[in-house]
Protein chains: 2
Amino acid sequence: MAIPESRSVAVPPPAERPARGRRSRGPSIADVARLAGVSVGTVSHALNKPAVVAPATLARVEGAVEELGYVRNRAARDLVAGDSRTVGMVLVALDNSFIVDIARGAEEAVRAQGRSLLLANADVDLPTQDHYLSLFDESRVAGVLLAPLDAPLDGAVRVRGHGRPVVLVNYAAEGFCGVLVDEERGGYLATQHLLDLGRRRLAFVGGPLTLSAVAGRLRGARRAAQEAGVEVEHLPTRSLQPGEGRRVAAEVAARPGGERPDGLVIAADSLAVACVQALTTVHDVAVPGDVAVTGYDDNHFVSDAPVPLTTVRQPGQEMGRRAAELLAREVEEGDEHVHTTVVVVPELLVRASSSG
Amino acid sequence: MAIPESRSVAVPPPAERPARGRRSRGPSIADVARLAGVSVGTVSHALNKPAVVAPATLARVEGAVEELGYVRNRAARDLVAGDSRTVGMVLVALDNSFIVDIARGAEEAVRAQGRSLLLANADVDLPTQDHYLSLFDESRVAGVLLAPLDAPLDGAVRVRGHGRPVVLVNYAAEGFCGVLVDEERGGYLATQHLLDLGRRRLAFVGGPLTLSAVAGRLRGARRAAQEAGVEVEHLPTRSLQPGEGRRVAAEVAARPGGERPDGLVIAADSLAVACVQALTTVHDVAVPGDVAVTGYDDNHFVSDAPVPLTTVRQPGQEMGRRAAELLAREVEEGDEHVHTTVVVVPELLVRASSSG
DNA sequence: CTGTTAGCGCGTTCAT
DNA sequence: ATGAACGCGCTAACAG
């Protein structure tokens with residue numbers, strides 16, 4: 001009699017390893033316990049408070065960990081612990097040294113707190129910024145540092161609403177701790193400096209004014225000028241790109257001598273370097289002889305530029321550090337926390353573009 | 001009769017909220033289920049595959065989520081899923097545009113894969129690099145991208161040993177997928193270019209040669225020269241800092257006319273910009289008239305430099321993208337994966353420092 | 001379509 | 001000093 005077909009078919013052996021492309025889960029604390037001949041509780045103790053476990057068992061556990069290549073599972077640990085020692089930081093972009101300085105300062109301070117800092121690059125895209133904010137939120141990080149784009153803060157508000165501390169860097173908003181740089185003062189310092197040099201026909205170059213930093217710098221320039229009893233003309237730009245700097249250079253050079261500014265307060269180094277280069281090499285206007293120029297940001301290249309550029313340095317690293325400290329405080333204080341805003345002051349760096 | 005004291009003491013009410021400084025855990029899926037009047041399974045469905053749940057219940061669940069400010073707990077989700085859609089990237093440093101380009105390319109490609117990219121800055125410190133490698137390892141990320149410092153790869157080897165894919169960027173090592181740039185070719189291109197210009201007394205500036213990238217560029221320079229039947233002198237530097245560039249400039253300028261190189265292949269823009277500036281402004285040596293110069297890296301500032309610098313551009317963004325693609329493949333293929341090294345080619349950008 | 005339930009890996013009592 | 005057992009929040013599998 002024929003064996004029923006359904007029985008004659010060999011049962012496929014259980015897959016030795018997971019399906020193709022699937023990664024195995026790796027050894028767990030239970031595997032370690034089995035190999036070491038102890039219980040999971042003991043392994044956990046050996047891992048977290050080695051002091052309370054007998055040296056002999058400790059050694060056996062360590063041996064098993066080594067042999068198995070065991071790695072602690074952070075998801076499980078965080079799940080039971082209910083909190084995390086990781087801080088998330090979302091950055092508007094990475095391509096300028098100011099932001100990078102902020103990140104480095106934050107990194108240093110966060111590590112000093114015994115925490116770790118994970119960075120996410122929003123790359124000047126609001127949806128991406130919000131994506132990473134949510135990722136950190138869902139990951140239950142201890143807190144979030146955000147150097148946001150100049151745009152609505154819905155994502156940050158939501159995270160904050162979930163009770164997770166969020167500290168803003170280089171951006172002002174109600175309901176958050178924040179670290180700001182005194183933009184107004186930066187504009188004031190640069191302008192004051194040109195006035196001290198005896199320059200009187202001043203222009204502020206930069207835009208659009210929807211960039212709040214630029215608007216602040218312009219306000220500072222106006223205040224300094226007003227105190228000296230002179231005017232500051234505003235030469236607007238559509239962006240902070242070098243091309244706009246070259247355009248302004250041409251515009252300035254084209255004016256008759258008496259109407260041409262003898263001092264330019266420029267809102268960004270990118271703009272300023274291009275402007276100076278165009279002025280000196282194509283329009284035959286001397287810097288600082290005919291026109292003294294200040295930039296803004298102290299980008300890493302401006303001291304090695306053709307005409308080293310006088311500029312306003314923003315203390316990025318300090319800002320990162322302060323932000324991390326504000327965050328730590330907020331984590332510590334919980335609900336009783338009251339928000340604080342730290343304002344740091346920029347610094348004028350005098351170089352050849354204005355020191356003639 | 002006196003009531004026993006132990007009974008007369010009012011029992012302290014259970015703490016309304018956790019102890020000071022402790023953060024509450026926030027609402028869980030169970031809270032949502034309770035409020036919506038459904039089971040946790042249904043909530044999970046509503047969250048993950050909304051299609052299979054009745055519109056009415058879906059709405060109730062969404063309402064409850066909204067009202068409670070519920071946030072998915074990624075630790076728990078990853079724990080049960082056993083895998084993660086996050087990729088970790090450890091960067092040797094953030095302060096140069098090449099690395100940042102790599103990070104941006106990687107970010108873009110990783111997002112396109114439906115994954116997220118988290119960055120960690122090692123800040124040129126090996127323990128920090130290893131710390132973040134372990135963090136990602138414990139977090140069970142899908143894989144790790146590493147742009148490492150020029151140092152032993154123990155940490156990466158360990159992570160790899162745990163079965164987690166690690167792709168190296170800008171570093172060569174056995175047992176890993178990697179993306180490299182052909183340094184030798186970069187040196188060759190720059191040197192060939194100067195030879196095409198008719199320059200015959202060539203020098204290569206840079207060091208130390210323990211930097212493998214610098215050594216490769218020098219090899220390429222030597223090969224190009226050999227093919228043309230000329231020699232390349234090596235002018236070593238102790239670092240790639242601008243100061244060393246100025247030092248070399250002085251050294252070159254001090255030589256008698258006949259012994260002075262008429263072509264400089266310089267191993268880094270930082271060095272080259274400083275060298276050119278010193279040559280032209282302090283030593284009265286014309287560039288490219290007396291000496292033609294090439295740099296390396298295409299740092300963002302060299303096109304706006306005094307004398308715009310001819311340089312070798314490394315396709316950072318492409319490298320990041322390729323690395324992310326290699327990683328995705330390795331994640332996909334699991335154990336059957338065989339390591340691949342992608343070599344991308346640099347590109348010569350001719351500018352004024354050599355185009356006279 | 002919805003409810004129930006069994007783990008995922010770990011830290012933590014509480015006994016022993 | 002060690003072990004057993006519970007629960008963190010969630011998904012998947014299955015039962016209804």
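Residue numbering restarts at 1 for every chain, and letters A, B, ... go by the order of the sequence lines. These values consider heavy atoms only, across backbone and side chains, with no hydrogens, waters or symmetry-generated copies.
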For this session: Using the heavy-atom set of chain B and a strict 4.0 Å cut-off, write down the first and last nucleotide of DNA chain C that makes it in, 5' to 3'.
Result: C:dC1 to C:dG9
Exercise. Do B:Q129 side-chain atoms and B:L149 backbone N/O form a donor-acceptor pair below 3.5 Å?
Worked result: yes
Exercise. Would A:R34 count as a cation-pi partner of A:Y70, with NZ or CZ less than 6.0 Å from the six-membered ring centre and within 45° of the ring normal?
Worked result: no
Problem set entry | Atom of A:L133, atom of A:G155 and distance for their closest heavy-atom approach | CD1-C, 3.8 Å
Seminar exercise, completed: Here the distance between atom C1' of D:dA13 and atom NE2 of B:H45, to the nearest Å, is 9 Å
Seminar exercise, completed: Axis-to-axis angle for the helix from C:dC1-D:dG16 to C:dT16-D:dA1, ends of five pairs each, to 10°, equals 40°
Exercise. Do the side-chain N or O atoms of B:N73 get closer than 4.0 angstrom to the phosphate oxygens (OP1, OP2) of D:dC8?
Worked result: no
Problem set entry | Residue whose closest nucleotide on DNA chain D lies nearer the 5' end, A:T42 versus A:R140 | A:T42
Exercise. D:dC8 P sits how many Å from B:I29 CD1, rounded?
Worked result: 14 Å
Exercise. Is there a side-chain contact between A:L35 and A:V32, using heavy atoms and a 4.5 Å cut-off?
Worked result: no
Exercise. Counting only N and O atoms by type, is there a donor-acceptor contact under 3.5 Å from the side chain of B:R164 to the main-chain atoms of B:V144?
Worked result: no
Problem set entry | Spacing of B:D31 atom CG relative to D:dC10 atom C1', expressed in whole Å | 13 Å
Problem set entry | B:S44 vs D:dC10: side-chain N/O to OP1/OP2 distance below 4.0 Å | no
Problem set entry | Polar side-chain atom of B:Y171 near backbone of B:A151 as donor-acceptor pair, under 3.5 Å | yes
Exercise. What residue among A:T86, A:L135, A:L119 forms side-chain contact (heavy atoms from CB on, under 4.5 Å) with B:L118?
Worked result: A:L135
Exercise. So, the side chain of A:R140 versus the backbone of A:S84: is there a donor-acceptor pair under 3.5 Å, distance only?
Worked result: no
Exercise. Reckon A:D78 touches a base, only the sugar-phosphate, or nothing at all at heavy-atom distances under 4.0 Å?
Worked result: nothing
Problem set entry | Nearest-angstrom distance from the residue atom CG of A:L47 to P of D:dT2 | 14 Å
Problem set entry | Along DNA chain C (nearest heavy atom to each residue), the more 5'-positioned of B:A51 and B:L79 | B:A51
Problem set entry | Pair B:E325 + B:R321, salt bridge at N-O below 4.0 Å | yes
Seminar exercise, completed: Closest to the 5' end of DNA chain C, once B:V80 and B:G41 are matched to their nearest nucleotides, is B:G41
For this session: Can you tell me the distance, in whole Å, between the CG atom of A:L58 and the P atom of D:dT2?
Result: 9 Å
For this session: Using atom NE2 of A:H162 as one end and atom P of D:dG9 as the other, report the distance to the nearest whole Å.
Result: 16 Å
Seminar exercise, completed: Here the distance between atom C1' of D:dC8 and atom CZ of B:R72, to the nearest Å, is 18 Å
